[in-house]
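The next block holds one structure in the form of structure tokens; read it before the comments.
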Amino acid sequence: MTIQFFKNANIYTPVDKGNPAAGKNQGVLDHFENGALLVEDGIIIFAGNIGNIADNTEIMKKLESVDNTIDCFGQCMIPGFVDPHTHMCFADLRESEFEMRLQGTPYLEILKQGGGILSSVESVANTSEDALYFNTLKHVLSALKFGTTTLEIKSGYGLDEQNELKMLKVIDHVSRTTPLDIVATFLGAHAIPKIYKDDPDAFISLVADKMLPAVKAQGIATYCDVFCESSVFSIQQSKKVLEAALKLGFKVKIHADEVNDLGGAGLAAELCASSADHLLAASDQNIEKMASAGVVATLLPATAYSLRKPYARARFMIEKSLPVALATDCNPGSSYCESMPFVFGLAVLNMGMTPSESLTAATLNGAYAIGMASKVGSLEKGKQADFLLLEGNSPAILAYHAGVSPVTSVFKFGEQVA
Ligand code: NIG
Ligand code: FE
């Protein structure tokens with residue numbers, strides 16, 4: 001048994017009340033100015049003001065057998081970031097498409113021309129499992145340096161059974177060889193493969209009837225996701241895949257209303273999805289339906305930034321008591337970004353979220369979006385000691401110190417990992 005004692009920490013943490021934090025609660029944090037964190041075998045046994053330890057006989061006793069005392073010298077301590085939406089498993093960058101977008105070609109037009117996601121599909125098919133592993137690892141370790149300690153990664157650049165399973169194997173390998181907790185999502189319906197161009201319904205049947213059972217048998221993916229969008233997959237096609245996934249015991253989430261308001265947010269509500277992600281074009285009515293159904297809105301401001309689109313309406317969502325999470329969407333097309341501090345800055349300065357709401361979004365609500373909230377997302381008794389130390393006096397530094405990462409150190413299960 002190892003006991004670690006982190007003292008003199010200026011702790012800010014969301015409070016987990018058993019549900020994602022919504023409405024006014026999204027901005028409510030615990031703040032322990034002279035904070036102490038006591039960790040037994042990687043799990044928090046006390047988080048609070050040092051002054052409150054004296055009344056706690058159990059904790060006083062534990063303090064007698066501390067193995068390591070770590071002085072945080074007044075640094076700001078927050079939970080490790082949870083990034084609940086990434087496509088970090090890819091083979092090649094798509095810099096020439098970025099140039100095309102700068103010159104005015106829309107993102108979905110590049111996909112229609114056979115580029116975009118389909119160009120990543122081609123490079124994944126031509127890349128060995130080992131090479132794909134090292135590429136993915138590079139992005140995951142970069143995210144870790146920026147403070148991400150729990151991460152979701154999607155497949156979706158395979159689009160056939162063999163390559164989708166290959167991607168999930170790589171994600172699993174990265175999960176087993178890095179300190180992060182990684183949740184895998186099957187995104188077989190990410191784009192219409194070239195050979196199904198004239199018969200997308202046949203591809204949807206293949207995903208629902210063949211690929212999903214194979215992914216289930218492989219046992220790596222927990223979630224199933226679809227890209228519900230004009231000229232990609234319709235509401236009916238998305239529903240078919242997600243209903244098949246639910247029947248097999250997957251949890252589900254949706255790329256919803258990223259460019260056009262197709263009603264993906266409403267479908268997420270109907271299926272009680274864990275989250276609906278993007279939502280740049282989501283309607284008022286569907287946002288309200290999501291709130292009633294308990295679906296988390298995972299917002300990806302780095303994608304709006306990179307696509308130069310209007311940001312998702314975070315303020316309206318919070319007013320409607322829809323819990324908001326933040327994620328990078330890290331991928332080689334619409335958002336090449338593994339930095340949660342950058343996303344945090346965009347949320348505060350461009351979406352009007354307060355630093356406190358953004359902290360909840362980047363930690364606890366992200367954990368709910370990927371089914372990890374019982375373990376991570378807040379600094380509370382019983383959760384993993386996954387935390388960050390920051391320069392500055394409050395989480396606002398994450399938006400205030402623009403273009404750099406104020407994260408000075410990263411801890412997973414109480415051990416420094418970056
Ligand atoms: O979330 N929109 C679909 N999927 C990703 C982009 C993937 C890509 O362009 O490679 C997204 O934006
Ligand atoms: Fe995405």
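Order of appearance sets the numbers: ligands from 1, and atoms from 1 within every ligand. Not measured: the values here are computed from a predicted model.
- Among protein heavy atoms, the minimum distance from atom 11 (C) of ligand 1 is reached at D329 OD2, 3.2 Å.
- The Fe ion (ligand 2) has no N, O or S atom of H278 inside 2.8 Å of it.
- Of all the heavy atoms of E229, none lies under 4.0 Å from any atom of ligand 1, so neither backbone nor side chain is involved.
- No hydrogens or angles considered: a donor-acceptor pair under 3.5 Å links the side chains of K253 and S275.
- Angle subtended at the Fe ion (ligand 2) by H255 NE2 and H85 NE2: 90°, rounded to 10 degrees.
- Ligand 1 is approached by Y157 to a heavy-atom distance shorter than 4.0 Å.
- Atom NE2 in H190 sits 6.0 Å away from atom CZ in F227 (nearest 0.5 Å).
- Counting heavy atoms from C-beta outward, I11 and D30 have side chains that stay 4.5 Å or more apart.
- In this structure, the protein non-hydrogen atom closest to atom 12 (O) of ligand 1 is S334 OG, 2.5 Å.
- Annotation for Y336: atom OH counts as buried by contact number, over 12 foreign heavy atoms lying within 6.0 Å.
- Closest approach of F6 and G414 over heavy atoms only: CZ-O, 3.6 Å.
- Annotation: atom 9 (O) of ligand 1 to nearest protein heavy atom, Y107 OH, 2.5 Å.
- Heavy-atom proximity to H85, at under 4.0 Å, picks out these atoms of ligand 1: 1 (O).
- Shown in contact with I117 at under 4.0 Å from a heavy atom are these atoms of ligand 1, numbered in order with element: 7 (C), 8 (C), 9 (O), 10 (O).
- Heavy-atom contacts of R94 reach the following atoms of ligand 1: 8 (C), 9 (O), 10 (O) (cutoff under 4.0 Å).
- Distances from the Fe ion (ligand 2) to each N, O or S atom of H87 single out NE2 as the nearest.
- The Fe ion (ligand 2) has an N, O or S atom of D329 under 2.8 Å away, backbone or side chain.
- At least one heavy atom of H190 sits closer than 4.0 Å to an atom of ligand 1.
- With no hydrogens or angles considered, a side-chain donor-acceptor pair links D201 and Q237 at under 3.5 Å.
- Side chain to side chain, D130 and S128 fail the donor-acceptor criterion of an N or O pair below 3.5 Å.
- Using cut-offs of 30° and 60° on the angle between ring planes, the pair H255 and H85 is perpendicular.
- Considering only non-hydrogen protein atoms, atom 2 (N) of ligand 1 sits nearest to E258 OE1, 2.8 Å.
- Ionic pairing of D284 and R313 is present here: one or more N-O contacts between side-chain nitrogen and carboxylate oxygen are shorter than 4.0 angstrom.
- Using a cut-off of 4.0 Å between Lys/Arg side-chain N and Asp/Glu carboxylate O, K166 and E129 are scored as not salt-bridged.
- Counting the atoms of ligand 1 from 1 in the order shown, those under 4.0 Å from a heavy atom of H87 are 1 (O), 4 (N), 5 (C), 11 (C).
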